Structures are given as C-alpha cells and as structure tokens.
K.L.:
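Following this message is one structure expressed as structure tokens.
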Amino acid sequence: MEINWFTVIAQIVNFLILVWLLKRFLYKPVLNAIDSREKKIAEQLSEAEHEKAEAQKAREKFKHKNAAFDKEKSEIKAAAAEAVRKEKQRRFDEIRAEAQALRARYAEAMARDAKEQTGLLKQKLQDGVFAISSKALEDLADADLESQIVSVFIDKINDWDDRENKNFEEALSGAGSILIESAFSMEQASRDKLEKALYKAANRSVPVRYEVVPDLVSGISIHTGKFQFSWNINSYLDVFQKEFTSLLSHKQKDHVTS
Amino acid sequence: MRISPDEIIFWQEGFFQLNLTIVMTWVIMILLVVSSWLITKNLKSEFQTTRWQTILEIVVLAIKDQIEELGLTKARRYIGFIGTMFLFIVISNLLAIIPWYEPPTGSLSTTVALALCVFIAVPVFGIAESGIKGYLRTYIQPNVLMLPFNIIGEISRTISLAMRLFGNIMSGGLILTILLSIAPFFFPVLMSAFGMLTGVVQAYIFAILATVYIAAATEDAQKITSKNTNQNG
C-alpha cells in the first residue's frame, strides 16, 4: 500500500479532463435543455393564464350582453303586452260605444215606430169608434148622430154648476161673442137648440159663429175669451192612446234589454 | 496478495508508467463521456423526451438539488466538479460487479488524487467567491488562535477523504478475494452486493464532504452578500 505519485498526477489530470468533458457533454446540454423546457412551460402557463383571462373577459362580456338582451326582451314583451291590453281596451270601448249607439238608434226607431203605430191605431180607433158610435146611435134612435151629440152637449151645458156659469159669463162679457167648433156642419135645428141653451146660460142673447174642425172627432167645442168647453170622442181616445203608448214603450224596453 | 491495481503495470519508462488504475480510469472516462455524448447529442427541450435523456436529467437534477440543499446556491458553478467526482466514484465502484474489473478507487493514488483535487478546489472556489482576503479570513475564524487548528483540519480532512474511500473500496475487494478462497459459493455474491451499496454510499459521502468543504469556504462570502442584500432591500 503505497502512493504512486505518477499515478496521482495522472489521475488528477484525468479527473480534470473528465470534469471538462462532462461539463461539455453532460451538465451543460442537460441543464440547458431543462432550462429551455422550464422556460417553455412558463411561457405556456403564462399564455394559458392570458387566454384564461381573455376567456373570462369574453365570458363576462357575453354574460353582460345576455343580461342586456334579456332585459330588452322583457321590456319589449311588457311593452307589447301593454299595447295589446290598450288596443283590446280601445276596441272593447269602441264596440261598446257602437253597441250603445246601435241600441239607442234601435230604441229610437222602436219609439218612432211605436209612435207611428200608435198614431195610426189612434186614427183607426177614432174612425172605428166614430163609425161604431154613429152606427150604434143611429140604431138606437131616430135622430142622427149629430143631433144626438148636440143634445148631449146641451145637456152638459145645462149641467154646469155656478162656478162654471160664472166663468162663462165673465169670459163672454170680455169677448162679446162665442165661437162654436164642430167636426161636422151642424143643421139649423141643432144650431137653434144649442144657441138657446147658450143664451140661457148667459142669460142674454149673444152673437155666435160656427166653424167646422174635423180633428174634434164627433164633438163640439165652444170658445169665448179664456173660457173653453168641449165634448168629443177624442178625449176618450186620448186616454186610450196614452195607455197604449205606455204599453208599447214597456214592451220595447224589455226587448232592448234582452 | 495484491492490494492496489497500481501494482499491475503494463508499461514503464522511468517515472512514467501505465498501470491498471490509469487504464481503468480511462475506461470509465470513455464510458461516461461517450454515453453522455450519445444521449445529449439529440437532446430535446420538448415535453416528450427519450428515456435516456430522462435518466440523465434525473441524475443531473438530483446532483444539482443536493448541492443547493447544502448551501451552494450557485449550483451550476460547482456541478462540474462535484458531479463529476460523484459520477466517477460511483461508476468506478459499481463496475466492481464485473469479473476481473479493478476499481481505480481501490488505489490509494486515485483517492489521494481526488482528495488533492478537493484540497485545491476548496481555496480556488473560496477565493473565486470571496476574494483572497475573504478566503484567508476563514482560517482565523472564530479567532486567530484557531489558525493552526484550521490548517491542520484542512490537511487532515484531505487525508481522511483519501483514506476513507480507499479503505472502503480496497477492503471490499480484499474481503471478496479472501471469501472466494474460503467459501467460493453464495457468500461472495452477498459481499459483492454489499460492496456495491458501500461503493454508492462512499461516492455519496465523498461528494457530500467535498461540497460541505467548498460550502464552508464560500459560506462567509454568501453571508456577507446576503447581509448586503438584506440591508439594501
């Protein structure tokens, strides 16, 4: 066991050569490759981080856009719903107003119709009543209807009470004459009878004028000043007409309501 | 009985001689350099690498991490020296599994040479790191009285480095030879495996100790640097 100094020196040289060679062929290339790979990994990581951030940004943007779109959509929907509601209401109001106008027009037409019908009916009734009355009166007595009417009118005048007599006298004294209206032209006998009754009521002779008025319907009417006294079938017919009109209007209301 | 491969001499001319130690060293050198060159000539810095490259990277990174763990932050500067020392010793010891192979580390000349390399490298790295004054100041730490002890320590640790490695490897080979003559079966295999373990451990110890010595020589410089950095920071 001894130290061979040449071997020692040779081994030192060998070792130093080996250090240089391994540095050249092993450590440097391997460490450089590792460094380069680490650098690449770092780059890729940072790139990935960057892309992740970009993606996050894009996601946020998309989310924001989506939210805005949703909001807009709901606003448009609400506006559309409101417009539909308003249009519906407007049309409903329009139709209701139209219906009301139609109903009013219908009611008016019905009323007019009823009025026309009533007038016609009244006329027919007048004629009928007059014809029946005339026929009946003709059949009942010898005298004709006019003389009967005059007789009835004279009876009415005779039945005046004190107040009516007083009114007649006051009016006559103011006017000075009497106007006798009748639906028919009175005969002289009837005129005499009537004048006599009037003189009696006035307690004096007074001038008398005669006029034929067909509307009086088988009746007689006397006028002097403010005083007026009449008798005819028209008054009966008026009552009948009122009741008939009322009946018709009730029927028409029921019809419109239904 | 032959103790050292130095004794097998192939050629001699005065002071110069070509013995088995030098030849085996050349074989190991060729093996290391050629295999390194073959693997690293097609190195890839991609994510997919060859298996051999991966093995090399694992070895190199393990050495680098070990150096850094022992306090030498600039591991790239020292990996050439320390890494080569470890790889040379470990390959030299592991090849002992091959019959008729004589590990060069079983020669005291080789271990002395390596220990001398450490002995020289420590002041070289120390001066390079902290200047000649800074390095010399380590000899009078903690005080001037310690100067002789530090010098003795420097020499004695170099001798111990050389002796430890030589002793372990030589004794391993010697025991194997003796066992072969006593019990030719089974036991030599066991001892051979045991010798491989010892060889790796010794390579590790040698490299670690070298690192520790270099680290100790450059430690003060690092302390001063880090102090300055802290003050500046």
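Residue numbers begin at 1 in each chain, while the letters A, B, ... track the order of the sequences. Because only heavy atoms are used, hydrogens play no part in the values below, and waters and symmetry mates are left out as well, while side chains stay in. Quick caveat: nothing in here was measured; it's all calculated off a predicted structure.
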K.L.:
With a 4.5 angstrom heavy-atom cut-off, which part of B:L61 approaches chain A: side chain, backbone, both or neither?
P.N.:
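The answer is the side chain of B:L61.
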K.L.:
Looking at CG of A:N32 and CG of B:L43, how far apart are the two atoms once the value is rounded to the nearest 0.5 Å?
P.N.:
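The CG atom of B:L43 is 9.0 Å from CG of A:N32, to the nearest 0.5 Å.
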K.L.:
Report the distance from atom CG of A:N4 to atom OG of B:S4, rounding to the nearest 0.5 Å.
P.N.:
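Going from the CG atom of A:N4 to the OG atom of B:S4 covers 8.0 Å.
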K.L.:
Taking the six-membered ring where the residue is Trp, are the ring centres of A:F15 and B:F81 under 6.0 Å apart?
P.N.:
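They qualify: ring centres under 6.0 Å apart.
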K.L.:
Would the number of heavy atoms belonging to other residues, nucleotides or ligands and lying under 6.0 Å from CD of A:E75 be above 12?
P.N.:
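Yes - once you tally the heavy atoms of other residues, nucleotides and ligands closer than 6.0 Å, there are more than 12.
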K.L.:
Surrounding CD of A:E82 (heavy atoms of other residues, nucleotides or ligands, distance under 6.0 Å), is the total greater than 12?
P.N.:
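Yes, CD of A:E82 has more than 12 neighbouring heavy atoms, counting only those of other groups under 6.0 Å.
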K.L.:
Which heavy atom of B:Q53 sits nearest a heavy atom of A:A33, and at what distance?
P.N.:
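Scanning both residues, the minimum pair turns out to be NE2-CB, 4.3 Å.
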K.L.:
Using a cut-off of 6.0 Å, state whether more than 12 heavy atoms not belonging to A:K40 lie near its atom NZ.
P.N.:
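Enclosed: over 12 neighbouring heavy atoms sit under 6.0 Å from NZ of A:K40.
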K.L.:
Relative to chain A, which of B:T110, B:I63, B:T21, B:L56 shows the most heavy atom pairs under 4.5 Å?
P.N.:
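So the answer, after comparing B:T110, B:I63, B:T21, B:L56, is B:T110.
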K.L.:
Checking heavy atoms, do the side chain of B:I39, its backbone, both or neither come under 4.5 Å from chain A?
P.N.:
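The answer is neither part of B:I39.
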K.L.:
More than 12 foreign heavy atoms under 6.0 Å from CG of B:L38: is that the case here?
P.N.:
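It does: B:L38 CG has more than 12 such atoms within range.
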K.L.:
Count the heavy atoms belonging to other residues, nucleotides or ligands that lie under 6.0 Å from CZ of B:F16, then report whether that count exceeds 12.
P.N.:
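No.
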K.L.:
For chain A, which candidate among B:T49, B:L18, B:V60, B:V59 shows the most heavy-atom pairs at distances under 4.5 Å?
P.N.:
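Of the options given, most contacts go to B:V60.
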K.L.:
Contact between A:L26 and B:W37 at the side-chain level, heavy atoms closer than 4.5 Å - yes or no?
P.N.:
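No - every pair of side-chain heavy atoms lies 4.5 Å or more apart.
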K.L.:
Quick check for you: to the nearest 0.5 Å, what is the distance between B:M29 atom CE and A:N14 atom CG?
P.N.:
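Between B:M29 CE and A:N14 CG, I get 4.5 Å after rounding to 0.5 Å.
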K.L.:
Rounded to the nearest 0.5 Å, how far does CZ of A:R37 lie from CD of B:E57?
P.N.:
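Reported to 0.5 Å precision, the distance equals 4.0 Å.
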K.L.:
With a 4.5 angstrom heavy-atom cut-off, is it the side chain or the backbone of B:L32 that approaches chain A, or both, or neither?
P.N.:
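Contact with chain A involves both backbone and side-chain atoms of B:L32.
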K.L.:
Using modelled atom types and a 3.5 Å cut-off, is there a donor and acceptor pairing between side-chain atoms of A:T7 and backbone atoms of B:S109?
P.N.:
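No; judged by distance alone, with no hydrogens or angles, the pair does not exist.
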K.L.:
I'd like to verify something: which residue of B:V112, B:I28, B:I79, B:L87 has the highest number of heavy-atom pairs under 4.5 Å with chain A?
P.N.:
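Max contact count across the listed options: B:I79.
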K.L.:
May I ask you to check whether over 12 heavy atoms, not counting those of A:R90, lie within 6.0 Å of atom CZ?
P.N.:
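For A:R90, atom CZ is crowded (more than 12 foreign heavy atoms under 6.0 Å).
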K.L.:
Testing the basics here: between B:A113 and A:V8, what is the closest heavy-atom pair and its distance to 0.1 Å?
P.N.:
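B:A113 and A:V8 have their closest heavy atoms at CB-O, 3.4 Å.
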K.L.:
Using heavy-atom distances under 4.5 Å, tell me whether B:T111 contacts chain A through its side chain, its backbone, both, or neither.
P.N.:
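Answer is neither: B:T111 stays 4.5 Å or more from chain A.
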K.L.:
Could you go through A:W20 and B:T84, starting from their C-alpha distance and side-chain angles, then the distance that decides it, and tell me whether this counts as side-chain contact (heavy atoms from CB on, under 4.5 Å)?
P.N.:
CA-CA 9 Å; A:W20 182 80; B:T84 306; over 6 Å; no
K.L.:
For the CZ atom on B:F10, are there more than 12 heavy atoms of other groups (residues, nucleotides or ligands in this structure) within a distance under 6.0 Å?
P.N.:
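Yes - once you tally the heavy atoms of other residues, nucleotides and ligands closer than 6.0 Å, there are more than 12.
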K.L.:
If you draw a 6.0 Å radius around CZ in B:R157, do more than 12 non-hydrogen atoms from other residues or ligands fall strictly inside?
P.N.:
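Result for CZ/B:R157: enclosed.
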K.L.:
Supply the atom-to-atom distance A:L22 CG to B:S36 OG, rounded to the nearest 0.5 angstrom.
P.N.:
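Result: 5.0 Å between the selected atoms.
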K.L.:
Can you say whether A:D35 sits under 4.5 Å from chain B via the side chain, the backbone, both, or neither, judging by heavy atoms?
P.N.:
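The answer is the side chain of A:D35.
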K.L.:
Please determine whether side-chain hydrogen bond (donor to acceptor under 3.5 Å, both in side chains) holds for the pair B:T25 and A:Q11, giving the CA-CA distance in whole Å, both sets of side-chain angles, and the decisive distance to 0.1 Å.
P.N.:
CA-CA 8 Å; B:T25 303; A:Q11 288 295 67; 2.7 Å; yes
K.L.:
Taking side chain as everything from C-beta outward and backbone as N, CA, C, O, which of these in B:K64 sits under 4.5 Å from a heavy atom of chain A? Side chain, backbone, both or neither.
P.N.:
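The side chain, not the backbone.
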K.L.:
Distance from B:L108 atom CG to A:I3 atom CD1, nearest 0.5 Å?
P.N.:
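Interatomic distance, B:L108 CG to A:I3 CD1, rounded to 0.5 Å: 4.5 Å.
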K.L.:
Shortest non-hydrogen contact from B:I22 to A:A10?
P.N.:
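Scanning both residues, the minimum pair turns out to be CD1-CB, 3.8 Å.
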